Amino acid sequence: MNNDHPSSTRTSRRMPWTLENLLSEARLGPYLHASDGSLTAAHQLYQWNTQISSAFQEVLHYVEIGLRNAMDGQLTSWATQLGAERSWYGDPRVPLTPPTRRKVEVARTNATRGGRPELHGKVVAELMLGFWWSLLSDEYNRRLWQPCLQ
C-alpha cells in the first residue's frame, strides 16, 4: 500500500466518532452560537431539537392518517351515490386530473405487487400525504369537493 496516497493518510488518521465530528460546522454552528460556544450546551440543544422533531413526526403521522381516512370516507360515500361499482379512485365519474390518476395507478401497482389482490385500504395507504394535500387545491374545490360534500 502506498502511504503517500491521500486516502491512505485519511484512513490512518481516523477521527473519533463524536457528535461534533459527525455534524458539519454549518449544522452545529447555530447550536454553538445559541449556547455561547459551549459544546456541551450545543449538544443538549441539538438533542432537544431531535426530540422535538421526533415528536412532530409522530403528530404528523396521525394527522396524515386521519386526513386520508376522512377524505377517503367522503369520496367513497360520494362515489357510491354516483353509482360507482369500484373504488372512487378508479371510477371515471370522480373528476380526477390525469396527473392525479397517474399517482393512483402507481399506488395501485404498489398495492398489488407480488400478485396481491387489490384492496381498497391498501391502495389508499399507498397514496402519500402529498396526494391528499393536492386534492385540497383550488383545482378540486368546485369539481370534486363541492359536489362531494353537498
Side-chain angles (χ1 to χ4, degrees), residues 7 10-11 14-150:
S7 65
R10 198 171 348 149
T11 57
R14 292 182 190 243
M15 295 170 51
W17 290 100
T18 61
L19 187 60
E20 60 270 18
N21 289 336
L22 294 173
L23 300 175
S24 67
E25 266 186 54
R27 180 72 178 160
L28 194 55
Y31 299 92
L32 284 166
H33 180 74
S35 61
D36 294 324
S38 166
L39 193 55
T40 300
H43 285 175
Q44 290 171 341
L45 282 173
Y46 191 84
Q47 184 177 27
W48 178 77
N49 182 57
T50 302
Q51 292 168 346
I52 294 296
S53 297
S54 295
F56 178 73
Q57 286 297 98
E58 181 180 356
V59 171
L60 184 59
H61 167 78
Y62 288 111
V63 168
E64 177 181 1
I65 291 171
L67 177 68
R68 152 183 107 197
N69 290 343
M71 292 171 74
D72 174 58
Q74 285 300 131
L75 290 167
T76 296
S77 295
W78 185 50
T80 301
Q81 290 172 12
L82 293 175
E85 295 178 11
R86 58 181 105 161
S87 294
W88 61 266
Y89 54 75
D91 194 284
R93 288 171 282 205
V94 176
L96 301 178
T97 64
T100 299
R101 289 209 183 274
R102 283 192 292 277
K103 289 177 185 173
V104 167
E105 285 310 308
V106 169
R108 291 174 85 178
T109 298
N110 291 340
T112 58
R113 188 176 297 129
R116 292 181 293 213
E118 183 176 312
L119 301 175
H120 177 90
K122 179 67 175 155
V123 174
V124 167
E126 288 287 336
L127 294 165
M128 300 291 111
L129 180 59
F131 171 86
W132 299 102
W133 185 253
S134 74
L135 291 184
L136 296 174
S137 69
D138 286 341
E139 177 178 25
Y140 282 113
N141 184 34
R142 283 208 172 111
R143 73 163 149 180
L144 180 68
W145 292 111
Q146 285 184 12
C148 176
L149 296 174
Q150 284 184 347

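Every value quoted in this text rests on a predicted model; they were computed, and no experiment measured them. For reference, positions follow the sequence shown, starting with 1.
- The two residues R113 and R116 come nearest to each other via the heavy atoms O-NE, 3.1 Å.
- The side-chain heavy atoms of W132 and V124, taken from C-beta on, include a pair separated by under 4.5 Å.
- Rounding to the nearest 0.5 Å gives a distance of 11.5 Å between CG of L60 and OG of S53.
- The distance from the CD atom of E126 to the OG1 atom of T112 is 9.0 Å, given to the nearest 0.5 Å.
- Nearest heavy atom pair, residue L28 against residue L23, reads CD1-CD1, 4.0 Å.
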Working for salt bridge (charged side-chain N to carboxylate O under 4.0 Å, His left out), residues R108 and E105: CA-CA 5 Å; R108 291 174 85 178; E105 285 310 308; 3.2 Å; yes
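- Looking at Y89 and H120, their side chains come closer than 4.5 Å, going by heavy atoms from C-beta outward.
- For the residue pair T100/T97, the side-chain donor-acceptor check at 3.5 Å is satisfied.
- Other residues, nucleotides and ligands contribute at most 12 non-hydrogen atoms within 6.0 Å of the CD atom of Q47.
- Distance check, rounded to the nearest 0.5 Å: CD of E64 to CG of N69 gives 10.0 Å.
- A 4.5 Å side-chain heavy-atom check between L127 and D72 finds every atom pair outside the cut-off.
- For E25, the CD atom counts as loosely surrounded, since its 6.0 Å shell holds 12 or fewer non-hydrogen atoms of other residues, nucleotides or ligands.
- In this structure, the side chains of W88 and L82 stay at 4.5 Å or more apart for every pair of heavy atoms.
- Of all heavy-atom pairs spanning S35 and A42, the tightest one is OG-N, 3.4 Å.
- Counting only heavy atoms from C-beta outward, the side chains of L129 and V63 never approach each other to under 4.5 Å.
- Between Y31 and Y46, the ring-plane angle classifies as perpendicular under the 30° and 60° cut-offs.
- A 4.5 Å side-chain heavy-atom check between R68 and F131 finds every atom pair outside the cut-off.
- Under a cut-off of 6.0 angstrom, the local environment of CZ in R142 is sparse, with at most 12 non-hydrogen atoms contributed by other residues, nucleotides or ligands.
- The shortest non-hydrogen separation linking V123 to A111 is CG2-CB, 3.7 Å.
- Qualifying side-chain contact (heavy atoms from CB on, under 4.5 Å) partners for L149, counting only residues two or more places apart in sequence or in other chains: Q74, W145.
- Atom CG of L45 sits about 11.0 Å away from atom OG1 of T40, to the nearest 0.5 Å.
- In plain terms, the two heavy atoms of A125 and M128 that are nearest each other are O-CE, 4.1 Å.
- Here the side chains of L96 and L135 are in contact, with some heavy-atom distance below 4.5 Å.
- Within 6.0 Å of CD on Q146 lie more than 12 heavy atoms contributed by other residues, nucleotides or ligands.
- To the nearest 0.5 Å, atom CD of residue E118 and atom OG of residue S87 are 6.5 Å apart.
- The closest side-chain heavy-atom distance from S54 to Q51 is not below 4.5 Å.
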